[in-house]
Amino acid sequence: MSAKKDQPSSHFIKRIINADNESGKWDGRVHTRFPPEPNGYLHIGHAKSICINFGLAEEYGGKCNLRFDDTNPLKEEEEYVNSIIEDVKWLGFDWEDRLLFASDYFQQMHDFAVDLIKKGNAFVCDLSSEEIRNQRGTLTEPGTESPFRNRSIDDNLDLFARMKAGEFSDGERTLRAKINMVHPNLNMRDPVMYRILYATHHRTGDEWCIYPMYDWAHGLGDSIERITHSICTLEFEDHRPLYDWFLQALDTYHPQQIEFARLNLNFTVVSKRKLKRIVDEGVVDGWDDPRMPTISGLRRRGYTPVSIRNFAETVGVTKRDTIVDAARLENALRNDLNKRAPRVMGVLDPLKVVITNYPEDKVEYVDAVNNPEDDSAGTRKVAFTRELVIEKADYMEDPPKKFFRLGPGREVRLKYAYFITCHGAVRDENGDVTELHCTYDPETKGGAAPDGRRVRGTLHWVSATENIAAKVRLYDRLFNNENPEEGGDFMKNLNPNSLQIAEPAFLEASISEPVSGCTYQFERLGYFIADVQHSSSGKLVFNRAVTLRDSWAKHAQKVHK
RNA sequence: UGGGGUGUCGUCUAAAGGUAGGACACCGGGUUUUGGUCCCGGCAGUCGGGGUUCGAGUCCCUGCACCCCAGCCA
């Protein structure tokens, strides 16, 4: 019945928004924000948050601000601002004219603080950070009140003005909220609102020597921007009472903070601190190394915005602490690319094949389908010659059962070209096969036999003479363990084979000028993208984003065990 | 031994007192000029114990497990 149809959509934040829209709490507005601190690169976990915040705004016809939470000049840099802007834009979201900074509100925040002092709800404290820590109490013991807690409003006003004016040194005094030193929630034990910090801010320069703390600044930023739903991660749950306390004490516009569980992925780490260590210790090339779960790394790896957005959609939004299987992310990529990626042939581990009954100098161009999932993608011509390369793995001297590829006396199809039959192998002094001698059947041009005979195997191939040589970087997961923390130190669980190089690899000539940002499918192998940093005009370098599913490899591995 | 949260197939996630469903993973089979895709089928779950109810994943009581919090970080 219609009751079913009218049912609000699934996740709990949407449910809250639906209820709000029904009650008219925000006059039907939905206004979210994505509030990164510009102190590092964005990763897949941030992508989830971006998709939630911008996605909700899109879905409800609302708005989402991009707001930099830049209240700690010691850690923040413009470089990060720029990378974050690029990443959010790349994911396909639009903040219109609302590129905002918490630092733009420093004056307003200061004025609000003066207000709070006047209301008797904040005081200047002379305790050192160590003294404050000692007096805060513990999880099970109450704190004790600062001796400066009951200064007069006038004294507080005066002292706060002098803090701002630069009369005191780094850390000498703080402005604290006057709440409750025996509160069971430590965040409510007279939290620091302002600290003295002589540091140059990436936007306000040396204008300020006092900087607001997160809890004070964040709610105010939300309030100033008329945010309706302030969505953050679970660890801020205990901060909500403080968020609410400040806004209530100020008697000002008061958004609702809602917390969801951050994304965790197995076989990787999703934490700025840990990713930084991987970068700093030179395990990877940088924050945008294709093995990194950063947005810039995924982009270089060949991931598409659509695949990341779909992934974020499918993992859902809940309050449960969970670890998502990295295979889900790969799956989202394959799903998107299968429909859209142009197909091309490339051989990464070449084995020479000579078609002994094919004319020496002949070059024939066969038609190849660009994308079997999309007729409109059309066809292209691929050069076929007497000498070719195929994958080493596609030939076996003594093939096991169910091996459908090439072997002595076996016939296979070279995709889009001809059936060939293997008649001999040339070996080097070590006994390794270096060259195959085959014959082709001219009747099978295009890959079909007029007599109706069938072959089990179809191989990809590249002309040994008409091709382009490239270097291909084959990436695998960064960690060997599902849980990189296993054993205590994630650095000990790094996968030493997370990067392998295939060189020279031979690609069909049609890909000599790859479309920038386009991820291709190399038939039977996987999805690959030209690397923006390593490629030069003379030398193409491709990154492997992900392999194709390979049920033969899986089967072979099982038999091997 | 304070406070705040969370427990549904192996993994994510629905079910809003009324048939525990989907996706991924895994296992079979079919189609296939990619051992890809697609299609069909299978496997498998409500943290435990009480209670309320015709009926409980959902409500109540109780226990257990796990996560977060003692920055002048965010």
Side-chain angles (χ1 to χ4, degrees), chain A residues 7-8 10-11 15 35-37 39 69-72 74-76 125 127-130 132-134 136-143 170-176 182-189 191-197 210-211 213-215 217-218 232-241 259 261 266 272 314-325 327-328 330-332 334-335 338-339 343 345 368-369 372-373 402-405 413-417 419 444 446-448 454-460 482 521-526 547-556:
Chain A
Q7 210 142 80
S10 46
H11 74 65
R15 226 124 59 184
E37 182 188 16
N39 69 343
D69 224 335
D70 54 350
T71 57
N72 184 356
L74 262 19
K75 292 185 174 176
E76 296 148 9
C125 184
L127 258 25
S128 70
S129 70
E130 197 187 337
I132 288 181
R133 190 186 335 122
N134 291 337
R136 184 155 30 228
T138 67
L139 295 177
T140 52
E141 302 158 53
D170 260 334
E172 196 178 333
R173 272 170 237 258
T174 56
L175 181 70
R176 295 224 262 160
V182 301
H183 201 288
N185 180 342
L186 302 238
N187 294 125
M188 300 296 273
R189 321 242 259 228
V192 172
M193 294 164 59
Y194 276 93
R195 75 278 214 186
I196 297 171
L197 215 55
I210 55 171
Y211 288 93
M213 299 289 291
Y214 167 86
D215 288 300
H218 201 90
C232 60
T233 44
L234 250 28
E235 68 270 26
F236 291 102
E237 225 152 10
D238 320 341
H239 293 244
R240 180 161 22 96
E259 310 85 11
N266 61 10
K272 266 185 207 168
T314 63
V315 299
V317 182
T318 66
K319 297 185 74 130
R320 293 181 212 150
D321 218 331
T322 57
I323 301 169
V324 174
D325 192 338
R328 295 276 294 275
E330 297 182 344
N331 193 261
R334 291 192 185 102
N335 253 319
N338 175 52
K339 284 174 289 182
R343 271 62 168 177
M345 289 194 288
V369 172
E373 304 293 316
K402 290 193 177 169
F403 183 85
F404 303 148
R405 284 110 98 146
R413 168 169 40 235
L414 294 181
K415 194 162 187 179
Y416 302 130
F419 285 11
T444 57
R454 313 191 65 152
V455 288
R456 297 299 299 270
T458 300
L459 311 186
H460 63 279
E482 191 169 330
Q521 183 190 110
F522 289 6
E523 297 241 17
R524 298 212 302 141
L525 297 175
T547 61
L548 251 31
R549 275 208 190 79
D550 189 346
S551 58
W552 168 248
K554 201 183 283 178
H555 169 82

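In what follows, chains carry the letters A, B, and so on, assigned in the order in which the sequence lines appear, proteins first and then strands, with residues in each chain numbered from 1.
- The aromatic ring of A/W552 stacks onto the base of B/G35, its centre lying under 5.5 Å from the centre of the six-membered base ring with the two planes under 30° apart.
- Side-chain to base pairing of A/R240 with B/G4: no donor and acceptor N or O lie closer than 3.5 Å to each other.
- Within 4.0 Å (heavy atoms only), A/L175 reaches no atom of the nucleic acid at all.
- Using a 4.0 Å heavy-atom criterion, one finds that A/L197 contacts no nucleic acid atom at all.
- Position along RNA chain B of the nearest nucleotide to A/H183 versus A/A448 favours A/H183 as the more 5'-ward residue.
- Anti is the conformation of B/G51, whose glycosidic angle sits further than 90° from 0.
- Checked by distance alone, A/R343 brings a side-chain donor or acceptor within 3.5 Å of a matching partner on the base of B/U34.
- For a distance-only test at 3.5 Å, the side chain of A/H11 fails to qualify as a donor-acceptor partner of the base of B/A14.
- Nucleic acid contact for A/K339: none, since no nucleic acid atom lies under 4.0 Å from a heavy atom of the residue.
- Evaluation of atom-type donor-acceptor distances gives no pair under 3.5 Å for the side chain of A/D550 against the base of B/G35.
- When each of B/G35, B/A74, B/C24 is scored by its nearest atom to the side-chain atoms of A/A327, the top-ranked nucleotide is B/C24.
- Here A/E37 contributes atom CD and A/H218 contributes atom NE2; the two are 11.5 Å apart, rounded to the nearest 0.5 Å.
- At the heavy-atom level, A/T318 lies under 4.0 Å from the strands shown only through sugar-phosphate atoms.
- Nucleic acid contact for A/H460: none, since no nucleic acid atom lies under 4.0 Å from a heavy atom of the residue.
- Between A/E373 and A/N338 the shortest heavy-atom distance is CG-O, 3.3 Å.
- Residue A/T322 is classed as a sugar-phosphate contact, given heavy-atom separations below 4.0 Å to backbone atoms only.
- Within 4.0 Å (heavy atoms only), A/F236 reaches at least one base atom of the nucleic acid.
- Taking the side chain of A/S551 as heavy atoms from C-beta on, and the options B/C12, B/G5, B/G36, the nearest nucleotide is B/G36.
- Set against B/G7, B/C26, B/C68, the side chain of A/K554 has B/C26 as its closest nucleotide.
- If you check every strand for non-hydrogen atoms under 4.0 Å, A/E259 touches nothing.
- As judged by a 4.0 angstrom heavy-atom cut-off over every strand, A/R136 is placed among residues touching the sugar-phosphate backbone only.
- Checking B/G35, B/G7, B/G5 against the side-chain heavy atoms of A/K402 singles out B/G35 as nearest.
- Base contact: A/T138 has a heavy atom under 4.0 Å from a base atom.
- Residue A/K319 is in sugar-phosphate contact alone, with no base atom involved, counting any heavy-atom pair closer than 4.0 Å across all strands shown.
- Distances from the side chain of A/R195 to the nucleotides B/A70, B/G7, B/C73 place B/C73 closest.
- Summary of the strand contacts: A/E141 and A/T174 both lie near RNA chain B, and taking for each the nucleotide with the nearest heavy atom, the more 5' one is attributed to A/E141.
- Separating the CD1 atom in A/I196 from the CZ atom in A/R173 is a distance of 7.5 Å, to the nearest 0.5 Å.
- A/P372 comes within 4.0 angstrom of a nucleotide base, judged by non-hydrogen atoms across all strands.
- Using a 4.0 Å heavy-atom criterion, one finds that A/R176 contacts no nucleic acid atom at all.
- The A/T140 side chain lies nearest to B/G2 when the options are B/G2, B/C12, B/G36.
- For B/G36, the base has a donor-acceptor partner in the side chain of A/E373 [N/O atoms by modelled type, under 3.5 angstrom].
- Within the nucleic acid shown, A/E523 comes within 4.0 Å of at least one base atom, counting heavy atoms only.
- The nucleotide whose nearest atom lies closest to any side-chain atom of A/L548 is, among B/U32, B/G36, B/C68, B/G36.
- For the residue pair A/S128 and A/E130, no side-chain donor N or O sits within less than 3.5 Å of a side-chain acceptor on the partner.
- Looking only at distances, no side-chain donor or acceptor of A/R195 sits under 3.5 Å from a matching main-chain atom of A/D170.
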